[in-house]
Amino acid sequence: MAQYARGAAAVAVIRLRNPPVNALSWLLVTEPLISFSLTVLQALEDGLKRADADPSVKAVTICGENGKFSAGADIRGFSSPRKQGLGLGPIVSLIERSEKPVVAAIEGIALGGGLEVALGCHYRIAHVQARMGLPEVTIGLLPGAQGTQRLPRLVGVPAALDLITTGRHIPATEALKLGLVDEVVEENTVEAAIRLANKLIGQPLGPRRLSLKPVPKLPNMEAFLSEALAKVKKRAQGCLAPELCVQAIKAATEQPFADGVRKEQELFNILLTSGQAKAMQYAFFAERAVEKWTTPSGASWKSASPQPIRKAAVIGLGTMGRGIVTSLVKAKIPVVALEQNLEYLNMGRNAVMLLLEREAMKMEQGAQALDFHNPARLQFAVDFDVLRDVDLVIEAVFENMALKKEIFSNLSRICKPEAFLCTNTSALNIDEIASVTGRPQQVIGMHFFSPAHVMRLLEIIYGRQTSPTTIATAMQLAKVMKKVGVVVGNCFGFVGNRMMFPYSQQAVFLLEEGSRPEDVDQALEDFGLKIGPFRMSDLAGLDVGWRSRKDQGLTGPSLAPGTPARQRRGYRYSPLPDLLCEKGRFGQKTGKGWYEYEKAGGRTAKPDPWVHSFLCEYRNAHQIKTRFIDQEEILERCLYSLINEGFDILAEGIASGPEHLDVVYINGYGWPKHRGGPMFYASTVGLPNILAKLQKYSEIHPDIPQLRPSAFLKKLVAMGSPLLNDWMSHLHKQSNKL
Ligand code: 3H9
């Protein structure tokens with residue numbers, strides 16, 4: 001609802017009220033203590049009409065309850081038949097048409113429809129700590145309450161394009177520079193707005209009505225917009241919203257306000273019904289749902305309290321360790337960074353300092369605010385003794401169980417009893433690492449993604465004995481580092497890498513059967529993945545997987561003599577990646593891998609004729625008939641095998657819901673957000689379709705167990721393919737069709 005009150009003698013105050021973020025909804029908000037209940041928009045409209053009709057009211061201030069202006073339309077409502085926020089545009093017009101000056105008092109946040117309401121006001125005052133933005137594009141929409149038409153009129157086309165197509169939130173100081181707000185205050189914003197409203201009484205409002213202003217001209221508007229469109233399309237990787245945002249802004253530059261608004265509505269409706277918006281809104285709520293973690297033993301976010309981390313340590317200053325130290329410093333947590341000797345320490349220190357300098361330059365507050373030259377904030381050492389007083393250690397050494405165990409046994413001896421011990425690993429067994437400590441309840445996995453100071457995902461892996469407090473502390477740390485923590489169980493590869501394994505395996509099998517690396521990559525990149533499996537493998541280094549396969553006895557000297565080249569433990573195996581490694585083709589680092597590069601360390605992948613003839617020779621040697629493989633088969637075999645593994649993960653209780661898997665894939669593996677994550681995608685393709693295709697491919701390739709449909713997938717289909725939200729409730733239900 002919105003509360004109407006009198007702020008000063010002649011100023012009415014309309015306060016938006018819909019906790020926690022004052023979303024502008026048509027949903028009924030019932031207040032048991034107040035004798036009426038109203039929707040937020042209805043109440044806003046009523047407040048405006050009441051102020052207009054009251055001759056003693058000479059001006060109006062609009063603000064939000066609890067120090068927040070508004071987070072915009074209620075996102076939950078977009079999927080309901082009565083589309084939320086669709087009546088917002090006319091209300092914004094009503095505000096602007098008011099004959100009495102209307103001042104927006106922006107505290108906390110003014111996002112989406114919230115900012116559009118403020119744009120309808122004649123003046124905007126913001127608190128210095130407020131943040132503003134039009135983030136609709138991030139949930140698959142565009143600002144649909146006339147924001148695409150008003151913002152360019154106020155701040156010009158380049159700034160409006162930037163804000164609307166990226167959806168970024170900007171601080172009040174930047175908003176002031178852009179002219180988005182008229183004043184920034186440090187004191188009580190509502191009182192400042194009321195004072196300003198009082199001063200404005202009787203002044204002409206025409207020049208303050210944005211719909212009446214022309215869009216500021218650019219000498220080369222058409223060329224500027226075409227260039228912007230090309231850039232936005234390239235960045236969007238198949239996501240429709242950014243492109244339609246540009247079209248709406250273009251309409252503002254070419255058409256009168258009312259026609260522009262009509263165009264905006266038309267484009268908004270296309271997006272609303274496109275399916276992409278639904279996927280992106282699902283992703284928005286999924287990210288929030290995973291914060292509310294639970295484990296199969298019944299531990300949960302509700303009952304566990306995180307412990308404060310006043311000082312942390314990172315062991316190992318390789319690529320991962322450097323990124324983790326940088327993330328902790330950025331989160332303003334004092335850190336001790338440890339290496340095994342002075343030579344490695346100095347190398348690590350220089351690399352960390354470089355990263356921090358770069359981060360400081362990117363940050364709004366500038367280098368000083370990071371304070372990383374202060375030894376009380378960041379300390380480098382080679383002696384484990386400095387770890388005596390830290391609250392939490394993150395070990396980030398090489399993926400080697402023996403080495404990790406040695407470190408954890410030392411940590412258990414040296415660190416104070418209440419300290420938490422975390423291991424950054426992408427696959428190793430947390431229980432085995434915990435077993436060498438005297439405090440397995442305080443041991444937890446923290447799987448960072450490279451580069452660790454940039455990537456948002458953090459897989460948080462609990463072991464058999466990890467306590468709820470330890471999980472809560474790791475989740476809290478993720479939040480402080482501005483990462484998305486996802487709590488998962490302990491199994492080889494956890495969630496992300498475990499699902500990646502069958503996907504990468506299919507990609508290589510497709511090469512054996514007739515595809516080229518660039519065909520497979522192109523199909524998956526056209527689908528929207530940031531990078532295909534072979535470009536990814538070249539980037540990460542083929543030697544990493546080779547080492548792991550050698551450790552597992554799948555290749556190399558420990559392979560039993562006489563093992564068939566294309567079979568391991570009775571199942572299909574492809575030695576192709578091993579053969580490339582034997583030829584020294586490790587990917588970008590050696591200038592050759594699945595592709596060729598301009599030089600060692602080069603970044604531009606070029607299809608390599610050598611690889612093509614190598615594949616032909618390989619197929620001939622193994623009597624494999626080359627066949628043409630279309631995009632559809634590439635996508636189905638790679639993606640459905642990954643999804644299939646996801647169903648097994650859910651059935652085993654490794655993750656507590658499909659949204660966990662989706663958040664992992666969107667934030668750590670470049671899965672396109674507009675397709676909602678692999679499990680959401682499966683629900684849009686239809687579970688019976690996924691099952692049928694897996695059955696088909698598994699019949700053709702009986703020696704690939706990863707293509708055999710998961711029992712949980714089969715069960716869901718037998719139960720009539722329930723909605724994704726209901727999958728987990730069917731996990732233990734009986735199905736008489738099975
Ligand atoms: C729009 O405005 C369209 C218009 O152009 C008009 C078209 C006609 N709706 O993130 P948090 C919930 S589209 C419903 O944990 P924070 C959120 O789910 C809208 N619910 O807190 C969570 O619920 P729960 C454009 C919303 O402090 C709780 O509030 N606006 C909405 O880290 C707290 O959220 C946006 O895209 C919403 N609009 O961050 C803004 N917003 O406790 C989206 C939040 O049950 N929102 N909730 O899990 C955000 O970016 C962040 O939530 C915000 C707060 C920065 C506001």
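Whatever order the structure lists them in is the order used to number ligands and atoms, beginning at 1. Bear in mind the structure is a predicted one, so any value in this text is a computation, not a measurement.
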Short version for Glu116: what comes under 4.0 Å of ligand 1, heavy atoms counted, is side chain

Hey, which atoms in ligand 1 end up nearer than 4.0 Å to a heavy atom of Phe268? 7 (C), 8 (C)

Could you tell me whether Ala73 approaches ligand 1 through its side chain, its backbone, both or neither, with non-hydrogen atoms closer than 4.0 Å? both

Working for salt bridge (charged side-chain N to carboxylate O under 4.0 Å, His left out), residues Arg235 and Glu243: CA-CA 10 Å; Arg235 221 175 35 212; Glu243 188 183 335; over 6 Å; no

Answer yes or no: is there an ion pair linking Arg97 with Asp52, defined by an N-O contact shorter than 4.0 Å? no

Going by the rule side-chain contact (heavy atoms from CB on, under 4.5 Å), which residues pair with Thr294 if we only count those two or more places apart in sequence or in a different chain? Ser300, Ser656

Interfacing atoms of ligand 1 (cut-off 4.0 Å, heavy-atom, Pro20): 28 (C), 29 (O)

Looking only at heavy atoms, is any part of Leu134 under 4.0 Å from ligand 1, and if so is it the side chain, the backbone, or both, or is it neither? neither

Angle class for the Tyr665/Tyr669 ring planes (parallel below 30°, perpendicular above 60°, tilted otherwise)? parallel

May I ask you to check if ligand 1 and Thr138 share an N or O to N or O distance below 3.5 Å? no

N/O to N/O below 3.5 Å, does that happen between Glu136 and ligand 1? yes

Taking distance alone, with N or O pairs closer than 3.5 Å, would you say Leu141 contacts ligand 1? no

With a 4.0 Å cut-off on N to O distance, would you call Glu291 and Lys479 a salt bridge? yes

Look only at interatomic distance and state if Gly112 has a nitrogen or oxygen under 3.5 Å from any nitrogen or oxygen of ligand 1. no

Here the atoms of ligand 1 under 4.0 Å from any heavy atom belonging to Ala71 are 19 (C), 25 (C), 30 (N), 35 (C), 38 (N), 40 (C), 41 (N), 56 (C)

Taking it one step at a time, do Lys177 and Glu174 satisfy salt bridge (charged side-chain N to carboxylate O under 4.0 Å, His left out)? CA-CA 5 Å; Lys177 273 192 212 140; Glu174 187 177 343; over 6 Å; no

Is it the case that more than 12 heavy atoms not belonging to Arg310 sit under 6.0 Å from its CZ atom? no

Considering both backbone and side-chain atoms of Glu291, is one of its nitrogen or oxygen atoms within less than 3.5 Å of a nitrogen or oxygen in ligand 1? no

Counting only heavy atoms from other residues, nucleotides and ligands, does the tally under 6.0 Å from NZ of Lys250 exceed 12? no

So does Glu107 pair up with Lys68, basic N to acidic O under 4.0 Å? no

Best match, Pro135, Gly72, Gly133, Gly113: closest heavy atom to atom 35 (C) of ligand 1: Pro135

Ion pair Lys49/Glu45, N-O distance below 4.0 Å: yes

Atoms of ligand 1 less than 4.0 Å from Ile109 heavy atoms? 56 (C)

Close-contact set for ligand 1 against Phe285 heavy atoms, below 4.0 Å: 18 (O)

Do ligand 1 and Phe284 have nitrogen or oxygen atoms that lie under 3.5 Å from each other? no

One residue to check: Val21. Relative to ligand 1, which of side chain, backbone, both or neither has a non-hydrogen atom less than 4.0 Å away? side chain

Flag the pair Arg150 and Glu96 as a salt bridge only when some basic side-chain nitrogen lies within less than 4.0 angstrom of an acidic carboxylate oxygen. yes

Stepwise salt bridge (charged side-chain N to carboxylate O under 4.0 Å, His left out) check, Lys673 with Asp662: CA-CA 9 Å; Lys673 197 161 131 190; Asp662 288 334; over 6 Å; no

Does Gly147 reach ligand 1, in the sense of a heavy atom lying below 4.0 Å from it? no

When you measure from atom 11 (P) of ligand 1 to each heavy atom in Arg288, Met280, Lys479, Gln146, which option holds the nearest one? Arg288

For ligand 1, which atoms, with element, lie under 4.0 Å from some heavy atom of Pro143? 5 (O)

Provide the number and element of each atom of ligand 1 under 4.0 Å from a heavy atom of Lys292. 24 (P), 42 (O), 45 (O), 48 (O)

